[in-house]
Amino acid sequence: MVGFVRILVAITLLVSVYSVAGTTRHYEFNIQLQNVTRLCHTRSMVTVNGKFPGPRIVAREGDRLLIKVTNHVSNNITKPYKEVPIIFGEWFNTDPEAIIAQATQTGGGPNVSDAYTFNGLPGPLYNCSAKDTLKLKVKQAKTYLLRLINAALNDELFFSIANHTLTVVEADAIYTKPFDTETLILAPGQTTNVLLKTKLKFPGASFVMSARPYVTGQGTFDNSTVAGILEYESSIPMKNLPLFKPALPPLNDTSFVTQFSNRLRSLASAQFPANVPQKIDRHLFFTVGLGTSPCEKNKTCQGPNGTRFAASINNVSFVQPSVALLQSHYSGQSEGVYSPYFPITPLHWFNYTGTPPNNTFVSNGTKLMVLPFNTSVELVLQDTSILGVESHPLHLHGFNFFVVGQGFGNYDPNKDPKNFNLVDPIERNTVGVPSGGWVAIRFLADNPGVWFMHCHLEVHTNWGLKMAWLVLDGKLPNQKLLPPPVDLPKC
């Protein structure tokens, strides 16, 4: 199939920070299966032009990209001085599709990955992997822009480079007020650009850059560390140099994650304003978290107390429809496909972060939250303790939003809004709901169509922690949903 598709394997999009007259850039991608070996295990996987990770797309602001994608695999796939992309990923010795199928059948949690990776390379801390190590060669007294992308399926990751300070300048493609840090935290789906200023003189050493998970849930996880090497170029060959390692935070260091998140601020300048909605049309309150579903008759399930694991927003676990939501909305044939009555608050109040209720079952449905065009929205996302508190990175398609507040415990609508930052909050598209806490976001619903919001932990998305927004057309021609392309493949 030839068309414009999103590619699961990592294609790195590099966008210049300078605005210039737009040009048209042409790319051709062939999606094909290729044998890839990591950890002494070889398996066939989807690649772009035979590369893993995939090739770069280089563009400047204002450019037009024409990308011809030819799919040579049978699976339906979803597209996914110097700039250096570093993509965090996961490696599975077995087929991830088989892992998902097994978890779906048993109702239990999926097996975890066998390694984390930098640009597809696990690094020397894993068995049979010393040669598969990312080595970043740098020159002294230079500034490098590192584009950090967390493409891991199920883990938020700490990242650090030994004996080097990183300056955060951008998050989710939005400029931030610069600040220095030795360690970063990135949730799946999040991106962060940092400036790395190398040492003025040859240091006579090499430096480990590493990442490992931030863990808040009670389930199993890949408790390992990916490592790469930062090496300084030298005109004289150097052997047996000292190797310094970074000190990463403890696995459950919520305090560091909170402090790091609070340091992220928009530029809020005349050139890059923070257009935070000040007047709110819709106040919404969504609980997010895990739960259970009954096991089918005559089956044995591996969830809590013989149930199946489930996840929900406002206790609605999303059911995938058989007809595309956007298609059914555009054609006016939504009856029997989805309900337009997603609850604006939980149907039943309880102590969300306290002692959990006895009934852990979720409801199931395909429900959408309908918004008139240009509605200003304030949404509070509240973690729950039903199966234990846990951080949930929530991603909203189709919009950026401003993170105006966050805290721990249960959100208090009378007290907490007084502390909202409405001046320079960070603007992004993926935010972590704090473990045992809440986060408040604001956005303007000015993009007509159907847009998913989901947990970016793949296991939670599979269990139903997702919902969709339906933004109606506006009055003007440029405020209306465009018709589908004439060559759009039928679902």
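All of these numbers come straight from a predicted model, not from anything done at the bench.
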- Which residue, N410, T384, D383, forms the side-chain hydrogen bond (donor to acceptor under 3.5 Å, both in side chains) with T353?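 When N410, T384, D383 are each tested with T353, the side-chain hydrogen bond (donor to acceptor under 3.5 Å, both in side chains) holds only for N410.
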- Should we count CG of N127 as having more than 12 external heavy atoms under 6.0 Å?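 Check fails, neighbour count at 12 or below.
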- Query: Does atom CD of Q140 have more than 12 heavy-atom neighbours from other groups under 6.0 Å away?
  - Reply: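 More than 12 within 6.0 Å, yes.
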Taking atom types as modelled and ignoring hydrogens, do the side chains of [X] and [Y] form a donor-acceptor contact shorter than 3.5 angstrom?
X: S113; Y: E90; result: yes
X: N421; Y: D424; result: yes
X: D180; Y: T165; result: no
X: D222; Y: S224; result: yes
X: E427; Y: N275; result: no

- Going through the distances and angles, do Q406 and N262 end up as a side chain to side chain donor-acceptor pair (under 3.5 Å)? CA-CA 9 Å; Q406 64 175 8; N262 287 336; 3.0 Å; yes
Tell me if the centroids of the rings in [X] and [Y] come within less than 6.0 Å of each other.
X: F286; Y: W469; value: yes
X: F256; Y: Y214; value: no
X: F443; Y: F402; value: no

- Message: Against F88, only a single residue in F158, F118, Y116 fulfils ring-ring contact (aromatic ring centres under 6.0 Å, His included); can you say which?
- Response: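 Exactly one pass, corresponding to F118.
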- Message: Within this structure, what is the CZ-CG distance for the pair R25 and D63, rounded to the nearest 0.5 Å?
- Response: 4.0 Å
- Enter the distance from D114:CG to T94:OG1 here, rounded to the nearest 0.5 Å.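 So the gap between those two atoms works out to 6.5 Å.
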- Using a strict 4.0 Å threshold on nitrogen-to-oxygen distance, state whether E378 and R442 make a salt bridge. yes
- Message: side chain to side chain donor-acceptor pair (under 3.5 Å), that's the test. Do H392 and H456 meet it? Break it down for me.
- Response: CA-CA 7 Å; H392 297 279; H456 230 302; over 6 Å; no
- Task: Would you sort out whether F260 and F179 count as a ring-ring contact (aromatic ring centres under 6.0 Å, His included), showing the intermediate values?
- Result: CA-CA 10 Å; F260 181 86; F179 67 90; 5.7 Å; yes
